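These numbers come from a predicted model, not from an experiment. When reading the values below, keep in mind they use all heavy atoms of this one structure, side chains included, and skip hydrogens, waters and symmetry mates.
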Amino acid sequence: MSNFPQRVFSGVQPTGNLHLGNYLGAITKFVDLQQTHDCVFCVVDLHAITVPQDPKALKSSIREVTAAFIAAGIDPVKHIVFNQSQVSAHAELAWVLNCVARIGWMNRMTQFKEKAGKDREAASVGLYAYPVLMAADILVYKATHVPVGEDQKQHLELARDVAQKFNLDYSESIAALGLGETFFPQPEPLIQGPATRVMSLRDGAKKMSKSDPSDNSRINLSDDADTIASKIRKAKTDPEPLPSETAGLAGRPEADNLVGIFAALQGSTKAGVLADFGNANFSTFKTALVDLAVASLGPVTAGMKRLVADPAHIDAILCDGAERADAIARKTMNEVKDILGFVRAKSA
Ligand code: TYM
């Protein structure tokens, strides 16, 4: 692990309605990590097509996610921002890793079971193999750190298992080529802070999600101030005032969720929020949360709007990022081909 230079990789799907969960669980973490790491941030369009997509809507979603990254504060010049389909090594390495991952491992993936629903036979093979593509995304950059929300934890464990099995299966070839003791690092998930699993505003037992049919269940990054205010005011709560210590949030999922959102937006902790709002009723707390959410998200929403109005500018950012990503990924892919024993032109 220590032999590998530290590099961050993460991805977000362009499937419409980026929401507060994506923002707090992932995008704000990306912004912070830029200060300490080399970062590669990817709009994962190959993942999006594992379920049906309208091509026009997909194209605008790719630009929208890119705009959200930049409006949130990601620097596409110092770091790399690109869309996955422009770097073919993702798909190439995914095929190789499909031959490393075991069917038994894939059968344990809970997100496939949730997404495929009852009619599993009708799900695409891509949806089933999705976690292997995700492993390829990370490993093709030999990334050491992966900031994600809690829901991606199992996929990260799979990526670690795939890396380890590849290293073991091909250890002799890796050593013979002088490519080090281990070829792929074990990527570390970074799942930290008070908002690693932001819940629905309508049901504290359900994750905030793009696919929830109720728009009131989530705050979209495209929502204006009035919509944000109305959704927070309508958010489900319980009749008790807020506790003054975090232990008092046990068994109160809606209160826990709103306190977690407040803490993440403020850059503090749930304990810190409860030190200020312990014993307050929800109407007082929600008023403060509306002010905080509008002040934090307003500039991001406005920045996104400005950026998506100039698609040529966004596309230029993605092409530049893809070129730089390709240079890193191509090198790994050539090494992988040598490890496997494939014949290739040395100049490739
Ligand atoms: P996606 O597009 O579903 O979500 C993007 C990021 O947002 C996080 N997230 C949440 N965090 C907190 N609370 C929530 N309610 C919430 N909903 C979503 C996700 O955990 C994720 O970090 N498979 C990934 C995309 C991906 C990827 C990768 C990530 C593809 N390749 C390689 C990391 C590394 C996904 O579908 O994320």
Self-check item: Path from L221 to V31 over hydrophobic side-chain contacts below 4.5 Å
Solution: yes
Practice problem: Please work out which of the three classes, parallel, tilted or perpendicular, describes the rings of F285 and F282, given edges at 30° and 60°. | Solution: perpendicular
Self-check item: Approximate separation, where rounding is to 0.5 Å, of M106 CE and L158 CG
Solution: 6.0 Å
Quiz item: Which atom pair, heavy atoms only, marks the closest approach of D151 to R197?
Solution: CB-NH1, 4.1 Å
Quiz item: Would you say M199 and I228 are hydrophobically clustered, going by side-chain heavy atoms of ILVMFWY under 4.5 Å?
Solution: no
Quiz prompt | same_hphob_cluster(V294, L292) at 4.5 Å side-chain heavy-atom cutoff | solution = yes
Self-check item: Approximate separation, where rounding is to 0.5 Å, of L289 CG and L258 CG
Solution: 6.0 Å
Self-check item: Chi angles and distances behind the side-chain contact (heavy atoms from CB on, under 4.5 Å) call for L127, F112
Solution: CA-CA 7 Å; L127 189 66; F112 171 74; 3.9 Å; yes
Exercise. Return yes when atom NZ of K113 has more than 12 non-hydrogen atoms of other residues, nucleotides or ligands closer than 6.0 Å, and no otherwise.
Key: yes
Quiz prompt | Euclidean distance, I261 CD1 relative to I219 CD1, rounded to 0.5 Å | solution = 6.0 Å
Quiz item: Is there a side-chain contact between H47 and M134 (heavy atoms, below 4.5 Å)?
Solution: yes
Exercise. May I ask you to decide whether D338 forms a salt bridge with R344, counting only side-chain N to carboxylate O separations under 4.0 Å?
Key: yes
Quiz prompt | Between D45 and S85: side-chain donor-acceptor atoms closer than 3.5 Å | solution = yes
Practice problem: Taking all non-hydrogen atoms of both residues into account, name the closest pair between V300 and S296 and its distance. | Solution: CG2-O, 3.8 Å
Quiz item: Linking I/L/V/M/F/W/Y whenever any side-chain heavy atoms sit under 4.5 Å apart, do F30 and V43 land together?
Solution: yes
Quiz item: Donor-acceptor pair, R7 side chain versus Y141 backbone, under 3.5 Å?
Solution: yes
Exercise. Check whether any side-chain heavy atom of Q34 lies under 4.5 Å from a side-chain heavy atom of I74, and answer yes or no.
Key: yes
Quiz prompt | Flag, side chain of Q266 to backbone of V273, donor-acceptor distance under 3.5 Å | solution = no
Quiz item: Where the side chain of E150 meets the backbone of T196, is there a donor-acceptor pair that is under 3.5 Å apart?
Solution: no
Output side-chain donor-acceptor pairs under 3.5 Å for residues 241-255, partner residues at least two apart or in another chain, one line each.
from	atom 1	to	atom 2	distance (Å)
R252	NE	D238	OD2	2.8
R252	NH1	P241	O	3.1
R252	NH2	D238	OD1	2.7
R252	NH2	D238	OD2	3.4
R252	NH2	E240	O	3.1
R252	NH2	P241	O	3.2
E254	OE2	G204	N	2.9
E254	OE2	K236	NZ	3.4

Practice problem: Answer yes if V125 and V51 sit in the same cluster of Ile, Leu, Val, Met, Phe, Trp and Tyr residues linked by side chain heavy atoms under 4.5 Å apart, and no otherwise. | Solution: no
Exercise. State whether a side-chain donor-acceptor pair under 3.5 Å links Y23 with N220.
Key: no
Self-check item: Minimum heavy-atom distance V87-A322, with the two atoms named
Solution: CG2-O, 3.6 Å
Quiz item: Are Q6 and H37 close enough that a side-chain donor and a side-chain acceptor fall under 3.5 Å?
Solution: yes
Quiz item: So which heavy atom on L156 is nearest to which on P189, and how close?
Solution: CG-CB, 3.9 Å
Quiz prompt | Between CG on residue L177 and CD on residue E172, distance to nearest 0.5 Å | solution = 11.5 Å
Quiz item: Rounded to the nearest 0.5 Å, how far does NE2 of H145 lie from CG of L33?
Solution: 8.5 Å
Practice problem: Establish, from distance only, whether the side-chain atoms of S283 and R233 form a donor-acceptor pair under 3.5 Å. | Solution: no
Quiz item: So, do H90 and F82 have ring centers that fall under 6.0 Å from each other?
Solution: yes
Quiz item: Given F9 and I80, is the side-chain contact (heavy atoms from CB on, under 4.5 Å) satisfied, shown in steps?
Solution: CA-CA 10 Å; F9 179 92; I80 295 179; over 6 Å; no
Quiz item: Is the shortest side-chain N to carboxylate O distance from D223 to K231 below 4.0 Å?
Solution: yes
Practice problem: Using the side-chain hydrogen bond (donor to acceptor under 3.5 Å, both in side chains) rule, collect all pairs that involve residues 49-78, keeping only residues at least two apart or in two chains. | Solution: R63-D315
Self-check item: Student check: side-chain heavy atoms of V162 and W105 closer than 4.5 Å
Solution: yes
Quiz item: Do the numbers put K142 on top of the ring of F183, so that NZ or CZ is under 6.0 Å from the six-membered ring centre and no more than 45° off the axis?
Solution: yes
Quiz item: Taking the inter-plane angle between the rings of F41 and H79 on a 0 to 90° scale, is it parallel (under 30°), tilted (30 to 60°) or perpendicular (over 60°)?
Solution: tilted
Exercise. Given side-chain contact (heavy atoms from CB on, under 4.5 Å), test V12 with F69 step by step and report yes or no.
Key: CA-CA 10 Å; V12 175; F69 283 176; 3.8 Å; yes
Quiz item: Less than 4.5 Å apart, any side-chain heavy atom of P76 and any of D320?
Solution: no
Practice problem: May I have the step-by-step check of salt bridge (Lys or Arg N to Asp or Glu O under 4.0 Å) for D212 and R218, ending in yes or no? | Solution: CA-CA 8 Å; D212 194 314; R218 66 183 157 259; 5.3 Å; no
Self-check item: Basic-acidic side-chain contact under 4.0 Å: K165, D161
Solution: no
Practice problem: Return the minimal non-hydrogen interatomic distance between V65 and P14, and the atom names on each side. | Solution: CG2-CA, 3.8 Å
Quiz item: Looking at CD1 of I339 and CZ of F184, how far apart are the two atoms once the value is rounded to the nearest 0.5 Å?
Solution: 7.0 Å
Quiz prompt | Residue that, paired with S88, satisfies side chain to side chain contact (heavy atoms under 4.5 Å, CB included) out of E92, Q86, Q84 | solution = E92
Exercise. Would you confirm whether S10, through its side chain, and P147, through its main-chain N or O, come within 3.5 Å as a donor-acceptor pair?
Key: yes
Exercise. Mind listing the closest non-hydrogen atom pair of A67 and I314 along with its distance?
Key: CB-CD1, 4.0 Å
Exercise. Assess whether atom NZ of K210 is packed by more than 12 heavy atoms of other residues, nucleotides or ligands within 6.0 Å.
Key: yes
Quiz item: Checking side-chain contact (heavy atoms from CB on, under 4.5 Å) for the pair H19/V198: CA distance, chi angles, key distance, verdict?
Solution: CA-CA 10 Å; H19 55 69; V198 176; over 6 Å; no
